[in-house]
Colleague: 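Questions regarding the structure given below will be posed in turn.
Just so you know, these numbers come straight off a predicted model, no measurement behind them.
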Amino acid sequence: MSAKMLSHRQREILSLIETEGAQYIEPLAARYDVTTQTIRRDINALCDLGYARRFHGGVDMPVGARNISVNARAALNSLAKQRIARRIAAAIPAGSTVFMGIGSTVQFVAEALRDHQELRVVTNNIDVALTLSETPQVEVHMTGGLLRHNDRDVVGPDALNFFEKFYASHAVVGAGALDPEKGILDFSYSEAQLTMKLLDNARTKFLAADVSKWSRDASVRVAPFSAITSFFTDALPNDKRVAAAFETAGIEVEICGGDAE
């Protein structure tokens, strides 16, 4: 079974694990009115794909798969994220429809868009919506779905279906981690699924990530670098494989250093 073939119930179980923590077989069976054997098969499928970890009587996130809180992430490399955000905002013209996804860097992009005119922003990111809530010239569409308190965003089937209602001129996405061979990675299936949905339904696709993402470890594949249009970052690591990966993918790399504005 591939990630895109997960059932509606399996996706919901993943969302519950990611938002509420460990889940137990018998309560899950009662919640969905199915047998415990059915829930065990669901759990086995999730674990076989690496999205979850079994324990006696239940299931949880894989070891080391949880990200730090969004507030903590926003404080890391904040100056670099602000420079990246300003460059992305400058590349988005007035009148655009913009998908804005998960991540602290995306929140900085929202701040940089506050003076833009006649934008339509579609987001599952609560901080993006709040940042733009006092900008009447920006039309904000907020998805429904399951709230992740630690990440201040909304995930799940309702959020995915909401993004399907639009086709954006631009998508702005972040990443949990980057790898020269594996491409864009994230910490959970629901995060990866949201980002893939944004990329699939936008014409121009901007990836925003500072250089620290190359040293982070996330286990869920999101997309290859060829799925994006431009990569905005503060610097590239000293690794020949990275430059080769972008050259092979044929995407534009925008270095947003301190002297680049």
Side-chain angles (χ1 to χ4, degrees), residues 11-12 14-21 61 65-78 81-82 84-86 88-89 92 96-116 119-166 168 170-177 184 186-202 205-210 213 218 220 222 232:
R11 291 194 297 268
E12 284 198 350
L14 272 178
S15 294
L16 288 170
I17 296 168
E18 292 165 4
T19 56
E20 300 179 9
M61 291 280 283
R66 297 189 190 277
N67 203 356
I68 62 175
S69 74
V70 69
N71 289 335
R73 298 200 304 272
L76 296 173
N77 303 319
S78 61
K81 292 176 181 179
Q82 289 170 14
I84 292 168
R86 288 194 290 270
I88 290 176
I92 296 175
S96 298
T97 295
V98 186
F99 287 160
M100 304 193 72
I102 292 167
S104 60
T105 307
V106 178
Q107 179 186 344
F108 283 104
V109 177
E111 293 175 358
L113 288 172
R114 287 169 61 92
D115 293 329
H116 274 51
L119 289 184
R120 171 184 288 162
V121 171
V122 187
T123 188
N124 69 313
N125 187 320
I126 291 173
D127 287 315
V128 166
L130 289 174
T131 297
L132 298 173
S133 63
E134 297 182 3
T135 54
Q137 76 277 13
V138 179
E139 178 183 301
V140 180
H141 296 256
M142 182 76 198
T143 74
L146 186 64
L147 173 66
R148 300 195 306 173
H149 297 274
N150 193 54
D151 296 277
R152 294 174 62 82
D153 58 29
V154 177
V155 298
D158 289 339
L160 294 172
N161 292 337
F162 192 85
F163 280 113
E164 285 279 10
K165 300 177 186 294
F166 301 88
H170 297 76
V172 181
V173 301
I184 306 168
D186 229 318
F187 289 90
S188 71
Y189 176 70
S190 64
E191 292 173 330
Q193 196 177 31
L194 253 299
T195 298
M196 286 188 288
K197 182 67 68 176
L198 271 60
L199 296 176
D200 286 344
N201 289 281
K205 306 154 190 184
F206 293 157
L207 172 62
D210 67 84
K213 297 300 176 71
V220 182
V222 178
F232 291 79

Colleague: Between E191 and R148, does any side-chain N to carboxylate O distance fall below 4.0 Å?
Modeller: yes
Colleague: Can you list the steps and then say if D158 with L160 is a side chain to side chain contact (heavy atoms under 4.5 Å, CB included)?
Modeller: CA-CA 5 Å; D158 289 339; L160 294 172; over 6 Å; no
Colleague: Would you find a donor on one side and an acceptor on the other, under 3.5 Å apart, between the side chain of T131 and the backbone of E111?
Modeller: no
Colleague: Of the non-hydrogen atoms in F162 and M142, which two are nearest, and what is the gap between them?
Modeller: CZ-O, 4.0 Å
Colleague: Can you check whether V154's main-chain N or O pairs, donor with acceptor, with N124's side chain at less than 3.5 Å?
Modeller: yes
Colleague: Just wondering, do L132 and R114 contact through their side chains at under 4.5 Å, heavy atoms?
Modeller: yes
Colleague: Please confirm whether the backbone N or O of A171 pairs with a side-chain atom of K205, one donor and one acceptor, at under 3.5 Å?
Modeller: no
Colleague: Kindly determine whether K81 and D210 satisfy side chain to side chain contact (heavy atoms under 4.5 Å, CB included), including the steps that lead there.
Modeller: CA-CA 7 Å; K81 292 176 181 179; D210 67 84; 3.4 Å; yes
Colleague: Applying side-chain contact (heavy atoms from CB on, under 4.5 Å) between M100 and each of L198, D127, L113, V122, report the one that passes.
Modeller: L113
Colleague: If I take atom CG from residue L16 and atom OG from residue S190, how far apart are they, to the nearest 0.5 angstrom?
Modeller: 10.5 Å
Colleague: How many angstroms lie between CG in L14 and CD in Q193, if you round to the nearest 0.5 Å?
Modeller: 8.5 Å
Colleague: Would you say F99 and V172 make side-chain contact, with heavy atoms under 4.5 Å?
Modeller: no
Colleague: Within the distance-only criterion (no hydrogens, no angle test), does the side chain of H116 pair as donor or acceptor with the backbone N or O of I92 below 3.5 angstrom?
Modeller: yes
Colleague: Is there a donor-acceptor pair under 3.5 Å between the side chain of K213 and the backbone N or O of A175?
Modeller: yes
Colleague: How long is the gap from CD on Q107 to OG1 on T123, to the nearest 0.5 Å?
Modeller: 10.0 Å
Colleague: How many angstroms lie between atom OG1 of T195 and atom CD1 of I102, to the nearest 0.5 angstrom?
Modeller: 5.5 Å
Colleague: For the backbone of G101 and the side chain of N125, can you confirm whether one donor and one acceptor N or O come within less than 3.5 Å of each other?
Modeller: yes
Colleague: Work out which heavy atom in G174 is nearest to a heavy atom in V106; give both atom names and the distance.
Modeller: N-CG2, 3.8 Å
Colleague: Show your working on side chain to side chain contact (heavy atoms under 4.5 Å, CB included) between L147 and I126 and close with a plain yes or no.
Modeller: CA-CA 9 Å; L147 173 66; I126 291 173; 3.2 Å; yes
Colleague: Kindly say whether S188 contributes a backbone atom to a donor-acceptor pair with the side chain of D186 at under 3.5 angstrom?
Modeller: no
Colleague: Determine, stepwise, if the pair I84 / F108 fulfils side chain to side chain contact (heavy atoms under 4.5 Å, CB included).
Modeller: CA-CA 8 Å; I84 292 168; F108 283 104; over 6 Å; no
Colleague: Between F206 and H170, is the ring centroid distance below 6.0 Å?
Modeller: yes
